[in-house]
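Everything on this sheet refers to the single structure shown next.
Every chain is numbered from 1 and lettered A, B, ... according to where its sequence line falls, protein lines coming before strand lines. Keep in mind that the numbers below use all heavy atoms, side chains included, and drop hydrogens, waters and symmetry copies.
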Amino acid sequence: MTSELDIFVGNTTLIDEDVYRLWLDGYSVSDAVALRVRSGILEQTGATAAVLQSDTMDHYRTFHMLERLLHAPPKLLHQLIFQIPPSRQALLIERYYAFDEAFVREVLGKKLSKGTKKDLDDISTKTGITLKSCRRQFDNFKRVFKVVEEMRGSLVDNIQQHFLLSDRLARDYAAIVFFANNRFETGKKKLQYLSFGDFAFCAELMIQNWTLGAVGEAPTDPDSQVDDMDMDLDKEFLQDLKELKVLVADKDLLDLHKSLVCTALRGKLGVFSEMEANFKNLSRGLVNVAAKLTHNKDVRDLFVDLVEKFVEPCRSDHWPLSDVRLFLNQYSASVHSLDGFRHQALWDRYMGTLHGCLLRLYHD
Amino acid sequence: MPGKLKVKIVAGRHLPVMDRASDLTDAFVEVKFGNTTFKTDVYLKSLNPQWNSEWFKFEVDDEDLQDEPLQITVLDHDTYSANDAIGKVYIDIDPLLYSEAATVISGWFPIYDTIHGIRGEINVVVKVDLFNDLNRFRQSSCGVKFFCTTSIPKCYRAVIIHGFVEELVVNEDPEYQWIDRIRTPRASNEARQRLISLMSGELQRKIGLKVLEMRGNAVVGYLQCFDLEGESGLVVRAIGTACTLDKLSSPAAFLPACNSPSKEMKEIPFNEDPNPNTHSSGPSTPLKNQTYSFSPSKSYSRQSSSSDTDLSLTPKTGMGSGSAGKEGGPFKALLRQQTQSALEQREFPFFTLTAFPPGFLVHVGGVVSARSVKLLDRIHNPDEPETRDAWWAEIRQEIKSHAKALGCHAVVGYSESTSICEEVCILSASGTAAVLNPRFLQDGTVEGCLEQRLEENLPAGCGFCHIPYDELNMPFPAHLTYCYNCRKQKVPDVLFTTIDLPTDATVIGKGCLIQARLCRLKKKAQAEANATAISNLLPFMEYEVHTQLMNKLKLKGMNALFGLRIQITVGENMLMGLASATGVYLAALPTPGGIQIAGKTPNDGSYEQHISHMQKKINDTIAKNKELYEITPPEISEEIIGSPIPEPRQRSRLLRSQSESSDEVTELDLSHGKKDAFVLEIDDTDAMEDVHSLLTDVPPPSGFYSCNTEIMPGINNWTSEIQMFTSVRVIRLSSLNLTNQALNKNFNDLCENLLKSLYFKLRSMIPCCLCHVNFTVSLPEDELIQVTVTAVAITFDKNQALQTTKIHVEKSLQRASTDNEELLQFPLELCSDSLPSHPFPPAKEHLESASSNSGIPAAQRAASVDYSSFADRCSGWIELIKLKAQTIRRGSMKTTVTVEKASPMGEGNFRNRSAPPCANSTVGVVKMTPLSFIPGAKITKYLGIINMFFIRETTSLREEGGVSGFLHAFIAEVFAMVRAHVAALGGNAVVSYIMKQCVFMENPNKNQAQCLINVSGDAVVFVRESELEVVSTQQPTANCQPSCTGGEVTT
């Protein structure tokens, strides 16, 4: 006796959260059944393995049918085929678009292309996440990217509107899309200590301050066709950043800057002497990062540079985080007192963001 | 030109990409009705076109309106080649044809293609303007309401239940026409869908005409089926029960269009008018007119309130009740006579109803069924389907004679079915023989029951169990005992019925689903030989199914089956029998004896041991089941029923022991069981197997109950969480050495596993009950068995579930005593000649109507006759008379209780009238249930019947996820289309939903599959009771205003 056909269709579509998770995690039906057996469900319910197999198959089939709709979540809301309560719909969408930290760290900043997709095998082996799940997550990134790529307006809003994600998840996706678009290098060994959260934090600051959308947000002329995309860095701004070079190129300015900072921080910093000794190196590093951002290659290496030029030197001198904060505050602020420096606004736009990023990046 | 159909195509959404180059679609719509077609403009390059068309107007006969579906086709415009069809929507406009139902159909419909399934949605608005038609000889029957529900629909009242209506139409199946060889599968499927739609429209119209002839205005328990006879054609047949219904209350506050129920109408229930005869004899009220005049009730109520003179029926009644007091027998005979006179003009006194207005059902005889095996031949002339008609007439005749043999003149819970395999067809019909209250059949009102009950002088809850047949001349061997409830009349030891458990029946404990499953191999044969082989097998199957049911019933410790449905399915090389029913313990029937096993060779020691081991196992199971289903010993039950107050209880005992002492002994014996024990002889392997199969049925996991009736006996506080589902399983039998035993085991496992799966899947709903569990078996191919289950899971309040019967008893005792205290205000009236029942049901609830209660005399008369007759018998023994009064009181108390049960409904009606439209609160969600009600909610409006037929075919089975993926998607799509139609009618639920057919065929080698599904149900609007209460507290005084205005409108 073999079961040829075995289905269950409810007027309200039954969603089993546990099975959904197993499905999202990319387990095959037999693996999922084995995992469910191990969870002790048979003892709890007195069911047999055959019942579990049939139940799992049913749920998998349902999820498979729902997947097409999950690719465009608003469709899930308007479709008539599956009657699902709104709270369940939200759960389905949120879980479907959720991703694994380990996976996202692997692809963050990579081009979401076929090439990368081919590497998913390796990522799967490395992270222990099933290939199926890797594919889903990758395709999600790519899909969101494709949809919002050409859109105007706030990146987060666009994502939320088209994928009905929670605010938190939409922000994460904004970061992923932003990183993918700008191809920031995140995979280098020295960046391994950074979490997705660290990058996402930086991405948000950069989106808020360094993109076209950031300047477009307060347009003087509402009719002006400002290309207010949140995804691209403001090219003009990056060009202008060259002007900051004077801060390190002009020796007087650099000395003045150093003395201002040192005066202000004397006695307040535990690592004052180290700071004093390293000031010119650190300042040179930060300003040079800015000056180099005209080149795409250097934009990609932004985080490598920041870690190399700032985080690592400080860390090797065992600066506590509080001292880093004090230093950065003073370092940014004292530029305003440099009379010969004319690019105060530019400096603030650059350093304001970098200040936040560096503090976030500064940890073990 | 009696009607104008208007259609507007608004927009589309989620259309499929039809042009690969642009990834877009140039869609337009064809709207077709009859032979007229309109087209919208082409909406270029969009997947969400906004046509916003003009109103397309079709001027058509109402005959066509009833027959034809509105056909909407969405196409992709192609300049150079033929336009590609995206899909179609068929809209049945029947619901727009009667005034009380929907006024407009408007909403998003899934665009359906028989090859691709649902492809986007289309927004359509449909309206109908009907003109009054004065043509006496018209062919249409617009205005006759159809209900799938097999009881009187919740917001209606039955004025008359006319009886059986049936019709069938036949045609050639397009799938088997020569043209099918050259047309595409899509064209063929569409031709079939359209034809069946047309045929069911025609069928409904013809049935409607019959109803009008009978002067009814509605069909209840409408069951329409398709017989796909293959080469020999396509038969669409329907049966139903013609009724004259009155709307009970008008939710006029939010349904101004529906003005039929008037103030007078509402009063009818309390006007115990003994003679509404007028309207059947009065040609002054042509019913045809009524259906159009929007006030069908007005004329009735007028007459009933004015004509209280003609009491032609009353003398009969008096006589009947007089004799009833003396002896059951003569009364029965008389009742039979009456019923006979009421029924004799009918060819078939059948009723498709399974639940009845209180008092309608007097006695139940038992299940009657008939089967016949026929060889299909080609239907030559579709216009004269005589053969099929003759076949069914033959079967019905047999059913009728069976019923007669049981001393019954009517058959209730009647249904018909077929099973076809190649050219052999088994026709089956079954029902429950019953004696009915004649009043309902002619011209009585529902409230006549009150009278009837008093006449009968029986406590409610057991009357229907009393045997209708003659004790000395029994049609079959049965153990009769005196009723355990009233101790007056004889009852059988077990009772099988096809109806739902009557609401007033006294049940102990809970019920459970009981199934008998059986397979029998048969040799492959052709034509005559095959039919003969099947005919020879049938009686054995029936017998075995019956034995299995009986054994399982006893194993559960129960004594009655309700909702029994025996399905015999024929396949190429086997016959399958599946019987499902809900077992209960009726307080009125004796305790079932156990099952005793007897061995053939008692000398063998080890064998003996084995037997005794089995015996012990069986006894343990019975004990366990009794505990599980809370079946407590009948002694307790007697106390519940018999004695609301301690003191009278003793007296009643006294009475019993004196007047019926002779019975006492046997009763005691019975309760100990051994004497009556059912003996199973294990003399061959078959019987061994039977015993094993008895014990293999696993009870549902704790927190689960199941039944195949509307409601689960013993559970009543349902919560509003419901989940309707359909589950389908197909198994392939290994063809090697198939034996009956192996087959039986496979089939048994299939059903048991399916149930287990359901319990597992629905575990989050615990505590819950699977209601209306409906199994259908088919044998699509040689080695395939297909089982389809549709049911609804309803959660109920845990607290109640945990209550033991003891608490139950206490509760009911409490309630009884409080009721009694109330009643005791009238002890004098009781002893004197006046009426005990009068103050309770009517006055308590509807004081305003009590003043105009003209029915008092009738009821009074009945009660007094009753009482005096008893006095005669007891010849002045005062104490007994007092006791008798107590019994009457008990009887009336029972009535109060039932009225109490019904009262939320009544109150609901009141509230309802002031309720605003609440449909918005549940936008989008459409509930579906096979039950006739929605727990925790009140149905405020019936929008019309949903009857849909779909075909789905695929040539890429693997790509669609194999057979399971294909069917899963299709069933989900069918649900979606049903929901969309209901929503478009303005409804938020389908009740009495049934999947009548699910024919699945596959050809994996060709990567093909095809499936046909036919579903039906009643589209309704419901309002949550909680919402109603909120409204009612807000506007407590607005109660009767709308009804008054309603009255004004109708005059």
Using modelled atom types and a 3.5 Å cut-off, is there a donor and acceptor pairing between side-chain atoms of [X] and backbone atoms of [Y]?
X: A:Gln161; Y: A:Asn158; result: no
X: B:Asp1018; Y: B:Ile946; result: no
X: B:Ser992; Y: B:Pro930; result: no
X: A:Gln137; Y: A:Asp100; result: yes

Task: Greatest number of heavy atom pairs closer than 4.5 Å to chain A - which of B:Phe975, B:Phe966, B:Phe760 - done: B:Phe760
Task: Max heavy-atom pair count under 4.5 Å with chain A, selected residue of B:Lys756, B:Glu973, B:Arg763 - done: B:Arg763
TODO: Tell me, please, which residues at least two apart from A:Thr125 pass side chain to side chain contact (heavy atoms under 4.5 Å, CB included).
DONE: none
Check whether [X] gets within reach of chain A through its side chain, its backbone, both or neither, counting any heavy atom under 4.5 Å.
X: B:Glu1002; answer: side chain
X: B:Ile785; answer: neither
X: B:Ile118; answer: side chain
X: B:Leu754; answer: neither

Applying a heavy-atom distance below 4.5 Å, give me the residues of [range] that approach chain B, sorted by number.
range: residues 28-57 of chain A; result: A:Arg36, A:Ile41, A:Thr45, A:Ala47, A:Val51, A:Leu52, A:Ser54, A:Asp55
range: residues 81-93 of chain A; result: A:Ile81, A:Phe82, A:Gln83
range: residues 59-73 of chain A; result: A:His59, A:Arg61, A:Thr62, A:Met65

Using a 4.5 Å cut-off on heavy atoms from C-beta on, say whether the side chain of [Y] contacts that of [X].
X: B:Ile794; Y: B:Leu931; value: yes
X: A:Ile159; Y: A:Leu155; value: yes
X: A:Phe99; Y: A:Leu169; value: yes

Task: Part of A:Asp16 within contact of chain B (heavy atom distance under 4.5 Å) - done: side chain
TODO: Compute the ring centroids of A:Tyr173 and A:Phe145, then answer whether they are less than 6.0 Å apart.
DONE: no
Task: Carboxylate-amine/guanidinium contact A:Arg21 A:Asp25, below 4.0 Å - done: no
TODO: Report the C-alpha separation of B:Phe109 and B:Ile91 in whole Å, then their side-chain angles, then the decisive distance to 0.1 Å, and conclude whether the side chain to side chain contact (heavy atoms under 4.5 Å, CB included) test is met.
DONE: CA-CA 9 Å; B:Phe109 292 89; B:Ile91 301 177; 3.8 Å; yes
